[in-house]
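In what follows, a structure is listed as C-alpha cells, so that the remarks can point back to it.
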Amino acid sequence: MIEVYILNLVIFISIYMLTSVSFNLSFGQTGLLNLAHISFFGLGAYTSAILSLRGTPFFLALLLSGLMPMIFAFILSLVNRKLKGDYFTLATLAFAILSYNIVLNSVELTGGPHGLRNIPKPIIFGLDFNNIFLYAIFTVFLTLMGVFFIHRIAKSSFGRVCLAIRDNNDLAESLGKNTFKIKVIVLLVASFLTGVAGCLYASYVTFIDPTVFDAMEMITILAIVVLGGLASIKGTIVGTFIILMVPEILRFLDISTAIIGPLRVLLYSLILLVIIYYKPRGLYGKIAIE
Amino acid sequence: MVITQFIINTLITGSIYALIAIGFSLVYYVMKFFNFAHGGLITLSAYVFYILVRFVGIDLIYSIVITLLLSAFLGVLFNAVVYRNLRLKKTSTAMLILISFILLILFESFISLVFGVDIKLLFPAISTEGLYIFGTRITYPQVYIILASIFTFCTTIIFVGYTKIGKYMRAVADNKELAEISGINTERIFQYCFILSSLIAGISGIVVSVEKSLRPSIGSNLIIKGFAGSVAGGINSLLGSILGGYIIGFLENVGVWFLPSAYKDAITFVVLFLFLIFRPRGIFGDKA
C-alpha cells in the first residue's frame with residue numbers, strides 16, 4: 001500500500017515539476033507573467049482526454065495535447081508586440097478565467113461541470129500503463145527530458161538573452177535582439193511542455209473536470225517557482241517537493257475534505273506573500289523579485 | 001417589446017460592468033498598475049451585504065453603510081500594509097500586479113472557507129414587483145442599480161475633475177515626479193485613490209449581490225468584464241471606462257442572439273484581445 005502512495009506522489013510531483021519548470025522559463029527567466037499557464041495545462045489535459053476517448057493512439061494524443069496550447073500561447077503572445085508586459089498579464093488572466101467558464105459551459109465537448117470520465121490509460125508497445133509502477137517511470141522519464149531541455153535552453157546564449165529581456169527589454173532591443181520573437185518562442189516552448197504535463201495528468205487520474213483550468217490552481221505553480229527562486233531550475237525542483245508536501249500534511253491533520261481545497265490555496269497565497277516580502281530571492285534564486 | 005427588454009438588459013449588465021471598470025481604472029489611472037484585488041473586494045462586499053441583509057436583518061441603509069465602510073477600510077489597509085511598502089522598495093509594476101493577483105486568490109479562498117462554495121441568492125428575481133416600461137418589467141432593485149451607478153459615475157467624475165484632491169490625483173497620474181517636486185504628497189493621494197476605488201468596489205459588491213447569484217469566484221469573473229470595458233473605452237479615461245463597460249454589456253447581450261450561451265464569455269475576451277492588439281488606447285483614451 002505504501003508503495004502505491006509513494007508512486008502516486010512521485011507521479012504528481014513529476015507532473016507539477018514539469019509544469020513549474022516551464023513556467024519558470026517564461027516568468028523567472030524572461031519575465032513574462034503568464035497567468036494562463038494553468039489554462040495551457042488544462043488545454044493539454046482536455047485535448048488528450050477528448051482524443052483518447054475517441055480512440056486516438058496515445059503518442060498522437062500526447063503530441064497534440066502539446067500543440068493545442070501552443071496555438072493559444074501564440075495568439076496571446078501577440079499582445080507583447082506593442083504593449084509592455086503588464087498588458088500581457090492582463091490578457092492572460094482574462095484568458096484563464098474565461099476559458100474556465102467556456103469549458104464549464106460547453107457540455108457537449110467537455111462534459112461541462114461533470115468532466116470527462118474513464119479516460120483510457122495508454123498501452124504502448126504492448127506495455128499496459130495501468131500498472132502504476134510503469135506509469136511512474138514513464139512520467140519521471142518525460143519530466144526529466146523536459147527539465148533537461150529547459151536547462152539547456154536556460155544555459156544557452158538564448159537563455160542569456162531571455163535574462164536580458166527580463167531585466168531591461170528596451171536595452172536588449174537596442175542591442176539588436178528581436179525581443180518579441182524571443183518572447184513568442186519562450187511561450188511556445190513553455191506551453192508545449194505544460195500541455196504534455198496536462199496529458200500525463202489526464203491519462204493518470206483518468207477523470208478530469210474544469211478545475212484543471214481553475215485560475216486558483218495557478219497559485220500552486222507560482223508558489224513553487226517563487227519559493228524556489230526565479231530563474232533557478234534547482235530551486236523549482238526543490239520547491240515542488242516542499243509545496244506539494246503541504247496538502248499531504250493537511251491530509252494527516254484530520255481536516256474535512258470540503259475545506260481542504262480552499263485552505264490549501266489560502267496557505268499557498270500566504271506563503272507567497274511572506275516569501276515576496278521577506279525573502280524575495282526564494283531558496284536558490286539569483287535575482288530578487290522586484 | 002423585445003427592443004425594450006434588450007435595452008433594459010444592456011443597461012443593467014452595462015451598469016455593473018461600468019461600475020467595476022471605473023473602480024479598476026481609477027487605480028490604474030493614478031498609480032499605473034492593474035489592481036486585480038479589486039475583484040476580491042467586490043466579492044467580499046457582496047457577501048458581507050448578503051449576510052447583513054439576510055441573516056443579521058438590520059435596516060437596508062445600515063447594511064449599505066457598513067458594507068461601504070468595511071470595503072473602504074480593507075482597501076486602505078491593503079494599500080498601507082502591502083502596496084505602500086512595496087512601492088517604497090521601488091518594486092516594479094509587474095510585481096505589484098502579481099501581488100494583487102495573489103490577494104485576489106487570497107480573498108477568493110477566504111470566502112470559500114468562511115461562506116462555503118454553494119451559490120447564494122439575495123432576492124429571487126421572480127417574486128419582486130417592478131415597473132412596467134412599454135410592457136417590459138424592470139424590478140425595483142434593478143431601477144436602484146441603474147440609479148446608483150449613475151450617481152457613482154457622476155460623483156467620481158466630479159470628484160476627480162473638480163475638487164482639489166481630484167486635481168492632485170490628475171497631477172500624480174500625469175507625472176508622479178513632477179507632482180512630488182511641486183509639493184504633493186503622492187502617498188497621501190494614493191491613499192485617497194484607494195479609498196475612492198474601494199468605495200466603488202463596495203458599491204459594485206452591493207449591486208452584484210442584489211442582481212446576481214453569489215459564488216466565491218464572482219469577483220474574478222466580473223473584473224474581467226470590468227477591465228475589458230476599461231481597455232475598450234480607454235484605460236486612461238474615466239469617462240471612457242464607463243462607456244466601455246456599457247459597450248461590453250451591449251455586445252454580450254447582442255452575442256446571446258448569435259452564439260450558444262456557453263460562448264458568451266468568449267465575446268469579452270475577443271473584444272479585449274482585439275483592442276489590445278489593434279487599439280490599445282481604447283476608443284476615448286489619449287495614449288496607451
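The sequence lines fix the lettering, A, B, ..., with proteins before strands; numbering per chain opens at 1. What you see is a predicted model, and the numbers here were worked out from it, not measured in a lab.
- Here the straight-line distance linking atom CD1 of I247(B) with atom CD1 of I242(B) works out to 12.0 Å at 0.5 Å rounding.
- Looking at L104(A), neither its backbone nor its side chain comes within 4.5 Å of chain B, counting heavy atoms on both sides.
- A heavy-atom distance below 4.5 Å is not found between the side chains of N169(A) and K84(A).
- Only the side chain of L272(B) comes within less than 4.5 Å of a heavy atom of chain A; its backbone N, CA, C and O stay farther away.
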Q.
Set out, in order, the CA-CA distance, both residues' side-chain angles and the distance that settles side chain to side chain contact (heavy atoms under 4.5 Å, CB included) for S15(B) and I12(B), then state yes or no.
A. CA-CA 5 Å; S15(B) 298; I12(B) 294 163; 5.8 Å; no
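- Within the 4.5 Å cutoff, side-chain heavy atoms of V186(A) are placed close to those of C162(A).
- The residue among L263(A), L93(A), V265(A) with the most heavy atom pairs within less than 4.5 Å of chain B is L93(A).
- Looking at Y100(A), there are no atoms closer than 4.5 Å to chain B (heavy atoms on both sides), in backbone or side chain.
- Interface remark: F227(B) contributes side-chain atoms only to the contact with chain A (heavy atom separation under 4.5 Å).
- Listed in order of number, the residues of residues 32-45 of chain B that approach chain A to under 4.5 Å between heavy atoms are F34(B), F36(B).
- Taking 4.5 Å as the heavy-atom cut-off, the residues of residues 209-219 of chain A that approach chain B are A215(A), M216(A), M218(A), I219(A), ordered by number.
- Interface residue L103(B): only side-chain heavy atoms are found under 4.5 Å from chain A.
- If you measure heavy-atom distances from V117(B) to chain A, you find no contacts under 4.5 Å at all.
- A 4.5 Å side-chain heavy-atom check between E180(B) and T186(B) finds at least one atom pair inside the cut-off.
- Aromatic ring centres of F269(B) and F95(A): separated by under 6.0 Å.
- L270(A) touches chain B through backbone and side chain together, each having a heavy atom under 4.5 Å away.
- No hydrogens or angles considered: nothing links the side chains of T19(A) and H37(A) as a donor-acceptor pair under 3.5 Å.
- Under the 4.5 Å side-chain criterion, counting only non-hydrogen atoms from C-beta, I165(A) is not in contact with E173(A).
- By the neighbour-count criterion of 12 heavy atoms within 6.0 Å, atom CZ of F73(B) is sparsely surrounded, having that number or fewer from other residues, nucleotides or ligands.
- Interface remark: L33(A) contributes side-chain atoms only to the contact with chain B (heavy atom separation under 4.5 Å).
- Comparing P262(A), A223(A), G112(A), S99(A) by how many heavy-atom pairs each has under 4.5 Å with chain B, the most go to P262(A).
- The closest side-chain donor-acceptor pair between T194(A) and S22(A) falls under 3.5 angstrom.
- Using a 4.5 Å heavy-atom threshold, the side chains of N34(A) and F40(A) count as touching.
- For a residue to count as touching a neighbouring chain, one of its non-hydrogen atoms must lie under 4.5 Å from one of that chain's; by this rule F273(B) touches chain A with the side chain only.
- With no hydrogens or angles considered, a side-chain donor-acceptor pair links S220(B) and E108(B) at under 3.5 Å.
- Of the listed residues S217(B), S109(B), P216(B), the one with more heavy-atom pairs under 4.5 angstrom with chain A than any other is S109(B).
- Side chain to side chain, N236(B) and Y28(B) fail the donor-acceptor criterion of an N or O pair below 3.5 Å.
- Note: S230(B) OG to I235(B) CD1 = 4.5 Å, rounded to the nearest 0.5 Å.
- For the set N101(A), L272(A), L76(A), the entry with the most heavy-atom pairs within less than 4.5 Å of chain B is N101(A).
- Residue F107(B) does not touch chain A at all, counting heavy-atom pairs closer than 4.5 Å.
- Side-chain N or O atoms of R279(B) include one that pairs as donor or acceptor with a backbone N or O of G282(B) at under 3.5 Å.
- Put simply, of L273(A), V103(A), L98(A), the one with the most heavy-atom pairs under 4.5 Å next to chain B is L98(A).
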Q: Test R81(A) against I277(B) for side chain to side chain contact (heavy atoms under 4.5 Å, CB included), laying out the working first.
A: CA-CA 8 Å; R81(A) 218 179 144 83; I277(B) 299 282; over 6 Å; no
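- For the 3.5 Å distance criterion, the side chains of Q191(B) and N79(B) qualify, holding a donor opposite an acceptor.
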